[in-house]
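These notes are about the structure you will find just below.
Values reported hereafter were calculated over all heavy atoms of this structure, with side chains retained and with hydrogens, waters and symmetry mates removed.
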Amino acid sequence: RDLEKVVGARVAQWQRDKKNLRALLASLHEIAPPCSWEPMSLGQLIDPAACKKAYRKAILAVHPDKQDGSDLQKKVLAQHVFDALREAWNVYQKTG
């Protein structure tokens, strides 16, 4: 329970600080559990098609089912980051 609260608060703060999908993707390497994600700059995410491609890669990289099942902290962190990215994607689709 405590782990869930601590990790949730950390991800929520990251989400508030970054405010939009492009900023979240550009800073994903700072918060994501160790995974296949390659850091990207905001400049690489300006084109909508590049942003969509990066989002899809990010979702695959941080998907909770792709994390080591024996490390609960990684799994919880991955779930929160995954949810934050999905939420940002929904906003991005509406606003561009």
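Across every non-hydrogen atom of K18 and A23, the tightest pair is O-CB, 3.2 Å.
Taking the side chain as every heavy atom from C-beta outward, M40 and H29 never approach each other to under 4.5 Å. In this structure, the side chains of R10 and L77 come closer than 4.5 Å at one or more pairs of heavy atoms. Residues Y92 and K52 are not in side-chain contact: their nearest non-hydrogen atoms beyond the backbone lie 4.5 Å or more apart.
Checked by atom type and distance alone, the side chain of K75 pairs as donor or acceptor with a backbone atom of P64 at under 3.5 Å. Using a distance-only test at 3.5 Å, with no hydrogens or angles considered, no donor-acceptor pair links the side chain of S27 to the main chain of E30.
Between the side chains of H80 and E4, a donor-acceptor pair is found at a separation under 3.5 Å. For the residue pair D17/Q13, the side-chain donor-acceptor check at 3.5 Å is satisfied.
Around atom CD of Q93, more than 12 heavy atoms belonging to other residues, nucleotides or ligands sit under 6.0 Å away.
One finds no salt bridge joining K5 and D2 here, because no Lys/Arg side-chain nitrogen approaches an Asp/Glu carboxylate oxygen to under 4.0 Å.
Hydrophobic clustering places L3 together with F82 (ILVMFWY residues linked when any side-chain heavy atoms are closer than 4.5 Å, directly or through intermediates).
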Under the side chain to side chain contact (heavy atoms under 4.5 Å, CB included) rule, what do L85 and L28 come out as? Steps first, then yes or no, please.
-> CA-CA 9 Å; L85 288 172; L28 183 60; 4.2 Å; yes
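The distance from atom NZ of K74 to atom SG of C35, rounded to the nearest 0.5 Å, is 9.5 Å.
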